[in-house]
2 protein chains.
Amino acid sequence: MSDETAGNEIENRFGYLLKHVQSRYQQLAGAALEQLGIDGKQWAVLVTIGSGEELSQQEAANALGIDRTTMVALVDGLEDKGLARRSRHPEDRRKNIVELTTDGRRTLERARKKVAAAEQTFFAPLSSPDIDKFKTALRALLRGDEQGRYE
Amino acid sequence: MSDETAGNEIENRFGYLLKHVQSRYQQLAGAALEQLGIDGKQWAVLVTIGSGEELSQQEAANALGIDRTTMVALVDGLEDKGLARRSRHPEDRRKNIVELTTDGRRTLERARKKVAAAEQTFFAPLSSPDIDKFKTALRALLRGDEQGRYE
DNA sequence: TATTGTTATACTCTATAACTATA
DNA sequence: TATAGTTATAGAGTATAACAATA
């Protein structure tokens, strides 16, 4: 607090903090995933379709909160890399089931480790209990209700 | 933990949490600012040029971490609304000093209150001490060093 | 008629390159 | 030569509209 400057107010704006913290996280996670030849969005798709449930493209898109038209190119990219596979749903031939290939499963596991390592770097400034509190707070803020409140 | 579903892993991914929490914040703050006819970026510019220091366009851009070419349209918009004013720097005529008009100052103060109210809504799921801890954690994570660590 | 995947298209956001004026 | 502001342009990212296949 001793060297307060004009920039201080800007940098303490909550919107600024959130934006730049997210930017730092994406940078770290992105660099980790780059070693496996995928980006953050593709990683999110891998996690989604590797979750155990059989998902159509649209269901996977919904789970990620993106448009089904956006999902097309994402799955294209993963298919080109040999990490995911499309197949017709046997009972509803309009749907594409999207699933991991063997390579995709292997990449997913490697990516988990890379991302976990990146998160360790990201969270280095916080103690273990503070990391837990931080994540709990995020989940409560996302729900937007008062379930997480205990004062 | 009783109704664990496939979506659970996705929604607990840290990247997902951060992205959607930011999205919720922007939605709330954006809706608050919309009542004053400005958006989040214009609000950030108002805060910057209202900080007390005399700033050129480029200096304001740097303070916000955006490009000087992007700043042009932002200042254009604020000038059109009568909230900001360009004037030549007396000692270096290449520079534009950007400052608030009387209306701009008034809008800035109104916006402060609107944003504060929006943040109150945003943070409703957390207790007061938890809000402080959350903000402290964000600042530590942004610095990226271990200054905030005390375990 | 409605839905899924797809394509084409448009829109937003932002950065890069090039120009003008000033230094 | 270098810098500040500006403009034109291009690229990434994503959404909307329209179409084919299927329900």
Side-chain angles (χ1 to χ4, degrees), chain A residues 15-16 18-20 22-23 25-27 29-31 33-34 37-45 48-49 53-80 84-99, chain B residues 15-16 18-20 22-27 29-31 33-34 38-45 48-49 53-80 84-99:
Chain A
Y16 179 97
L18 214 45
K19 175 184 170 185
H20 286 85
Q22 202 206 354
S23 162
Y25 177 78
Q26 283 184 334
Q27 213 175 331
L33 292 169
E34 203 175 19
I38 59 174
D39 62 25
K41 280 163 227 151
Q42 294 175 322
W43 152 240
V45 174
T48 307
I49 65 179
E53 290 205 10
E54 195 172 76
L55 295 175
S56 72
Q57 272 186 221
Q58 186 149 206
E59 287 161 348
N62 291 343
L64 290 169
I66 62 176
D67 198 87
R68 67 190 166 132
T69 64
T70 306
M71 182 60 80
V72 176
L74 274 171
V75 175
D76 283 349
L78 291 174
E79 221 175 21
D80 289 348
R85 177 176 44 227
R86 286 170 161 108
S87 59
R88 279 286 162 76
H89 186 109
E91 280 145 36
D92 187 341
R93 291 169 47 74
R94 292 172 302 183
K95 296 186 179 179
N96 280 344
I97 296 168
V98 194
E99 40 189 5
Chain B
Y16 179 97
L18 213 46
K19 175 185 170 186
H20 286 85
Q22 202 205 356
S23 162
R24 176 156 189 269
Y25 177 78
Q26 284 183 334
Q27 211 176 330
L33 292 169
E34 203 175 21
I38 58 174
D39 63 25
K41 280 164 228 153
Q42 293 175 323
W43 152 241
V45 174
T48 306
I49 66 179
E53 290 203 11
E54 195 173 74
L55 295 176
S56 72
Q57 272 186 222
Q58 186 149 203
E59 287 161 348
N62 292 341
L64 290 170
I66 62 176
D67 198 86
R68 66 189 167 132
T69 63
T70 307
M71 182 59 80
V72 176
L74 275 171
V75 176
D76 283 349
L78 292 173
E79 221 175 20
D80 289 347
R85 177 175 45 228
R86 286 170 162 108
S87 60
R88 280 287 162 77
H89 186 109
E91 281 144 35
D92 186 341
R93 291 168 47 73
R94 292 173 302 184
K95 294 186 179 178
N96 280 345
I97 295 168
V98 195
E99 39 189 6

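All heavy atoms count here, side chains included; hydrogens, waters and symmetry mates do not. So that the names make sense, note that chain A is the first sequence line, chain B the second, and so on, each numbered from 1. Worth saying up front: this structure is predicted, and the values here are computed from it rather than measured.
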- prompt: When only distance counts, do a donor and an acceptor, one from the side chain of Arg94(B) and one from the base of dT3(D), lie under 3.5 Å apart?
  reply: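 Yes, the side chain and the base share a sub-3.5 Å donor-acceptor pair.
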
query: Side chain of Gln26(A), backbone of Ser23(A): donor and acceptor closer than 3.5 Å?
result: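 Pair absent, no side-chain N/O of Gln26(A) close to backbone of Ser23(A).
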
- prompt: Counting only N and O atoms by type, is there a donor-acceptor contact under 3.5 Å from the side chain of Glu54(A) to the main-chain atoms of Ile97(A)?
  reply: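 No; judged by distance alone, with no hydrogens or angles, the pair does not exist.
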
message: Of all nucleotides in DNA chain C that come within under 4.0 Å of a heavy atom of chain A, which is furthest toward the 5' end and which toward the 3' end?
response: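 Span of nucleotides near chain A: dA2(C) to dT7(C).
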
Specify the separation, in whole Å, of atom [atom1] of [X] and atom [atom2] of [N].
| X | N | atom1 | atom2 | answer |
| --- | --- | --- | --- | --- |
| Arg93(A) | dA20(D) | CZ | P | 18 Å |
| Gln58(A) | dA23(D) | CD | P | 15 Å |
| Asn96(A) | dA23(D) | CG | P | 12 Å |
| Asn62(B) | dT3(D) | CG | C1' | 12 Å |

So how far is it from [X] [atom1] to [Y] [atom2], rounded to the nearest 0.5 Å?
| X | Y | atom1 | atom2 | answer |
| --- | --- | --- | --- | --- |
| Asp67(B) | Leu74(B) | CG | CG | 11.0 Å |
| Arg85(A) | Leu78(A) | CZ | CG | 12.5 Å |
| Met71(B) | Glu59(B) | CE | CD | 10.5 Å |
| Gln58(A) | Thr69(A) | CD | OG1 | 10.0 Å |

message: Does dA21(D) have OP1 or OP2 under 4.0 Å away from a side-chain N or O of Lys95(A)?
response: no

message: Can you work out whether Lys41(A) or Glu91(A) has the more 5'-proximal nearest nucleotide on DNA chain D?
response: Lys41(A)

query: Taking DNA chain D as the partner, which of residues 65-73 of chain B come within under 4.0 angstrom of it by heavy atom?
result: Arg68(B), Thr69(B), Val72(B)

field: Least distance between heavy atoms, Ala84(B) atom then Val98(B) atom
entry: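 Residues Ala84(B) and Val98(B), closest heavy atoms: CB-CG1, 4.4 Å.
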
query: Looking at Arg94(A), His89(A), Lys95(A), which hits side-chain hydrogen bond (donor to acceptor under 3.5 Å, both in side chains) with Asp92(A)?
result: Arg94(A)

